[in-house]
Amino acid sequence: MSSSPLSIRGLTKGFELGTVNEKLALDHLDLEVPGGQFVTVLGANGSGKSTLFNLVLGKLFPDAGKIFLNGEDITRQKDYRRALNMSCLYQNPLRGTAPNMTLEENLALAYTRKASRSFFAVNRRDSAYFRELLARLDMGLEDRMKTKMGLLSGGQRQAASLLMATVAQPSLLLLDEHTAALDPGSAEKVMEVTRTVVARDRITTLMITHDMDYALSVGERTILLDEGRLVLDLSGEARAAMTPGALAEQFYVRARRRHAGGNSRESGAAL
Amino acid sequence: MVYYSMLVSALSQGLLYAPMALGVFVTFRILKTPDLTVDGSFVFGMTACAAVTIAGHPVLALFAGAAAGALAGLCTALLQTKLRIEPILAGILVAAGLYTVNYTVLGGQSNVYLQYQTVNSAGATVNEASPTIYKDFSALFSGGNSIFLDTNAQVLLLTLAITAVLTAALAVFFFTRPGMAIRATGDNEEMVRSSSINADLTRTGGVMLANALVALSGALLCQQQRYADLNCGNSMLVMGLASVVIGRVLFGDRGIVGGLASAVGGSLLYRVVIQAAYKVDMPSYGVKLLSTLIVVCALAVPLLRRRRAAGQRGGSRV
């Protein structure tokens, strides 16, 4: 058995099978991610990226195939159990935080996974650690630890969410377009923090993005999903040689082909 | 003196119902999930307490009452988390089922007095009042000659002590890891799950805690009035909610400790208002309509405040 942090074998998931709306979101997908690798994930809407993330996170369960985390079969494990070793960041900064609790409390809750037992959830030793982590972001958040999370800006909140996701040093980090809803300045800042944290802790990471520049410049491997299959897997020299324009072309060719295919199916049904 | 004794009576009532207000606060404001088990669990606390009090254990009876409420909360929480039944419906179902349970606990009667049969010195069988915490507390003052000879003042003092300890314990609890996890469950359940905490478990804990508090109120009331009655639970939820919303309107949204304190304060004020309404000849059956009106008004206040603020901003812009 492979001891890769993430190993996916023949993963298949369909929705509404046996009806006219039948959709095979993932079609016997295989994916091996070696330790510490940062992979960017591309794919049009409906290509299966989100389904892949939901299956890995345990929000959905597959029809066939297996998912291994550090060699352990987690295919049927409950979502909160596997969250001990993995974290996810979403596009919406509101999704990963408790708005009516303070920044410090949010971090303390996320840190529950690895924190030593203490009577009060917020304690001096952990807070000193959180302060140090926040100071490294260089966003002045270390002075706002008693501020309710809901009062922070989207960028601040997403940066804090990133800390929450990585504070317990997970084996796997999933990023689902986590900078897409931010203004360009904040997006750049959050992406920079992402790179730093992932590199420092050598966290195995999958990042969904629609930004061709990020897809090639961030991390060391780029994969493209189409109709639930892995259609492009770039790393090393091949990736270095790829340009955002050429990658976008790959993207659109497939989208056009699928669009044409969809039309022919529809007209066939009409006849 | 009439007003003084009315005030003492209103405040002691307010304190007796304060644990219930705290319970309603836990579900409505902390878990942010309406729980309609309240009407049933209040009476369950009352009947369980009555049974154990009559058996001769007044202090144990309060714990029994709270445990009964926790059990009712467990049922509601299991319906919510395991069967994915809508929280409102889950509460209604459990409260309806509890009616039969409560009837059974009272031995097939709809009310029971806290008394036991004994044989007096003359050899006749008589009914003797069962000891309650209030009776035992009252005995402490029997020799003295102070303001605390007044039974209402004694009830007030003892209930105040119980409520104060309870509120302080809750305030501490909500800053411990389990307590914070319960707060976070109400705030963002997904975030709790992704922090590798079983949110079903924290939700269950929260609903059990809330109903234990509600039932404790029922138990205290049972010992204070010396009887248990199945009808005592009617519209309990509306009263609890009235206390919580009054507290919120008057004291604002001041975090967890402030919230707990304002629920207790709301409970006191609510009883003062009700007592005052009785004073101006409101018939006893008027209390429910009055409670409903209070809740509606108190819920409307934040909206009206926002509208007025928005109106003023709009005005200044022109």
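Note: hydrogens, waters and symmetry copies are ignored here, and every other heavy atom, side chains too, is used. Proteins come first, then strands; the chains are lettered A, B, ... in the order of their sequence lines, and each starts at number 1.
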In residues 78-92 of chain B, what donor-acceptor pairs under 3.5 Å come from side-chain atoms, sequence neighbours left out?
unit_1: B/T81; atom_1: OG1; unit_2: B/A77; atom_2: O; d: 2.8
unit_1: B/R84; atom_1: NE; unit_2: B/T81; atom_2: O; d: 3.4
unit_1: B/R84; atom_1: NH2; unit_2: B/T81; atom_2: O; d: 3.3
unit_1: B/R84; atom_1: NH2; unit_2: B/D200; atom_2: OD2; d: 3.3

Check your understanding: Could you name the residues of residues 89-100 of chain A that have a heavy atom within less than 4.5 Å of a heavy atom in chain B?
Key ->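 So far as heavy atoms go, A/Y90, A/L94, A/R95, A/G96, A/T97, A/A98, A/P99, A/N100 are the residues that approach chain B to under 4.5 Å.
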Review point. Taking every heavy-atom pair that is under 4.5 Å apart, which of A/M86, A/R81, A/K78, A/M101 has the most such pairs with chain B?
Key: A/M101
Review point. Could you state the interatomic distance from CZ (A/R113) to CD1 (B/I197), rounded to the nearest 0.5 Å?
Key: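 Those atoms lie 8.5 Å apart.
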Review point. Measuring from A/L57:CG to B/R193:CZ, what's the distance to the nearest 0.5 Å?
Key: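 Reported value, rounded in 0.5 Å steps: 11.5 Å.
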Please classify the contact of [X] with chain B as side chain, backbone, both or neither, using a heavy-atom distance under 4.5 Å.
X      : answer
A/N106 : both
A/K59  : side chain
A/M149 : neither

Within-4.5 Å side-chain heavy-atom neighbours: [X] and [Y]:
X      : Y      : answer
B/S195 : A/L109 : yes
B/F175 : A/E105 : yes
B/V192 : A/Y80  : no

Check your understanding: How about B/R307: does its CZ atom have over 12 heavy atoms from other parts shown lying under 6.0 Å from it?
Key ->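 Counting neighbours around CZ of B/R307, 12 or fewer heavy atoms of other residues, nucleotides or ligands fall under 6.0 Å, so no.
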